[in-house]
Trainee: 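Quick one: structure below, then a few questions.
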Amino acid sequence: MATPVALTIAGSDSSGGAGIQADLKTFAALGVYGASVITALTAQNTRGVSAIHAVPPEFVTAQLDAVFGDLDVGAVKVGMVAELSTIEAVVAGLRRHPPKHVVLDPVLVATSGDRLLAADAIDALRTKLIPRALLITPNLPEAAALLGEGVASDAADIERQGRRLLAMGCPAVLIKGGHGEGSESVDYLIEAKRTARLAAPRLATKNTHGTGCSLSSAIAAHLSKGEDLETAVRNAKTWISAAIAAADRLSVGHGRGPIHHFHRYY
């Protein structure tokens, strides 16, 4: 049996809770072999981001060509892309090496509030990268920012925004409700002909560092195993809910700590 392989294209988090490190932990926790293309280095911890160093686009290209030239990649997760030139390198690489599935987490701002995408790159994210994705996974503020609107306040508004995002060229949108209110955290999987409401209990913890990165990489991991999109999303949400629920078992840092990727094992 072939080994499922997933690739993350994202930034490095020096504290290990988000970005490339979170993605590779997620792949490993779900029994998938992980490869990586690093787009940026961040000096980061649980309190915030203190510096960002973008990887030159030609080296992003070299990493992409090296991975796709040898590994049978079943799914790709794209996270932090940092700059316009990086987006162009990633899009060109995905065009040369068309993967089976692309999950795009449109990372604009870190949990700490630090900006992770240059302002002049947002339009390229909309017009060049989103059309190459099977699924995009914005949270409520990210969906609003991509559309230039206010944050959605109810289910009807979320679905309307989701359908406007579909019009950018992707077949499916998962709008995450972690920034919402109420006893449940509700995500909406929106496709051309249907919408699925995915609810989970809202968990009382400040240790949520890396949640968005890890959910999108979990979806990619399940897709690399051959699951259909809705099954992959549901299984990933179940896993991420358990990882958040177990986050307080870890004692890492003095700010917003990481989720517990390996909650099944310790």
Side-chain angles (χ1 to χ4, degrees), residues 6-11 19 23 37 39-40 54 57 60-61 64 68 73 75-110 115-152 157-179 187-196 212-213 215-220 223-224 229-230 232-233 236:
L7 167 65
T8 168
I9 304 172
D23 295 339
V37 169
T39 58
V60 172
T61 297
L64 278 162
F68 279 107
V73 176
V76 174
K77 172 263 173 76
V78 181
M80 179 184 178
V81 284
E83 296 182 343
L84 175 58
S85 59
T86 308
I87 291 176
E88 291 173 341
V90 169
V91 169
L94 296 178
R95 189 179 294 122
R96 282 193 309 280
H97 312 285
K100 300 180 184 77
H101 308 292
V102 176
V103 178
L104 171 62
D105 186 22
V107 178
L108 306 178
V109 178
R115 190 173 190 89
L116 298 178
L117 181 67
D120 65 355
I122 294 178
D123 190 56
L125 183 73
R126 293 185 186 109
T127 61
K128 297 182 178 181
L129 202 45
I130 285 178
R132 300 209 69 84
L134 166 69
L135 173 73
I136 64 171
T137 63
N139 58 33
L140 289 168
E142 288 165 345
L146 286 170
L147 295 169
E149 298 183 358
V151 175
D157 206 18
I158 291 171
E159 181 159 5
R160 183 188 59 79
Q161 287 194 348
R163 299 206 171 277
R164 285 199 63 201
L165 290 169
L166 288 180
M168 293 183 182
C170 57
V173 177
L174 180 69
I175 297 186
K176 301 173 295 189
H179 286 75
D187 300 343
Y188 291 86
L189 177 60
I190 301 164
E191 299 176 86
K193 295 184 177 180
R194 65 193 185 113
T195 296
C213 303
L215 177 61
S216 56
S217 55
I219 295 168
L223 288 170
S224 75
L229 180 61
E230 184 170 341
V233 170

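Quick note: residue numbers are just sequence positions, from 1.
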Trainee: Just so I know, are the side chains of L108 and E142 near enough to count as touching, which here means a heavy-atom distance under 4.5 Å?
Mentor: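 Side chain of L108 against side chain of E142, heavy atoms only: contact under 4.5 Å found.
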Trainee: Measure across L165 and A143 and return the closest heavy-atom pair with its distance rounded to 0.1 Å.
Mentor: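 Closest approach of L165 to A143: CD1-CB, 4.0 Å.
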Trainee: What pair of heavy atoms forms the shortest contact from V151 to L140, and how long is it?
Mentor: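 Shortest heavy-atom contact: CG1-CB, 3.9 Å.
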Trainee: Are R163 and R160 close enough that some pair of their side-chain heavy atoms sits under 4.5 Å apart?
Mentor: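 Side-chain contact under 4.5 Å: no.
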Trainee: Report yes if the side chains of V60 and V81 come closer than 4.5 Å at any heavy-atom pair, otherwise no.
Mentor: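 No. Closest side-chain heavy atoms not under 4.5 Å.
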Trainee: Run the numbers on M168 and L125 for side-chain contact (heavy atoms from CB on, under 4.5 Å), then give the verdict.
Mentor: CA-CA 10 Å; M168 293 183 182; L125 183 73; over 6 Å; no
Trainee: So, taking the atom named CG in L146 and the one named CG in D123, what distance separates them when rounded to the nearest 0.5 Å?
Mentor: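 Answer for the CG-CG pair, L146 versus D123, is 10.5 Å.
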Trainee: Where the side chain of T39 meets the backbone of M80, is there a donor-acceptor pair that is under 3.5 Å apart?
Mentor: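 Flag set: sc T39 to bb M80 pair under 3.5 Å.
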Trainee: With side chains defined as the heavy atoms from C-beta onward, is the minimum distance between I219 and L174 less than 4.5 Å?
Mentor: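 I219 reaches L174 side chain to side chain.
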Trainee: For the residue pair K176 and G212, what are the closest heavy atoms and their distance?
Mentor: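 Shortest heavy-atom contact: NZ-CA, 3.6 Å.
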Trainee: So among V103, L229, V76, L104, which one has a side-chain contact (heavy atoms from CB on, under 4.5 Å) with L134?
Mentor: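 When side-chain contact (heavy atoms from CB on, under 4.5 Å) is applied between L134 and each of V103, L229, V76, L104, only L229 qualifies.
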Trainee: Closer than 3.5 angstrom, by distance alone: can the side chain of Q161 be matched with the main-chain N or O of I158 as a donor-acceptor pair?
Mentor: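 Judged by distance alone, no pair lies under 3.5 Å.
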Trainee: Are any of the side-chain heavy atoms of L215 and T137 separated by less than 4.5 Å?
Mentor: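 L215 vs T137: side chains apart.
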Trainee: Hey, does L7 have a side-chain heavy atom less than 4.5 Å from the side chain of P99?
Mentor: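 Answer no - side chains too far apart.
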Trainee: Sub-3.5 Å donor-acceptor pair from the side chain of K77 to the main-chain atoms of C213, do we have one?
Mentor: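 Indeed, once roles are kept as given, a pair shorter than 3.5 Å links the two residues.
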Trainee: Does the side chain of L223 come within less than 4.5 Å of L135's, by heavy atoms?
Mentor: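 Not in contact.
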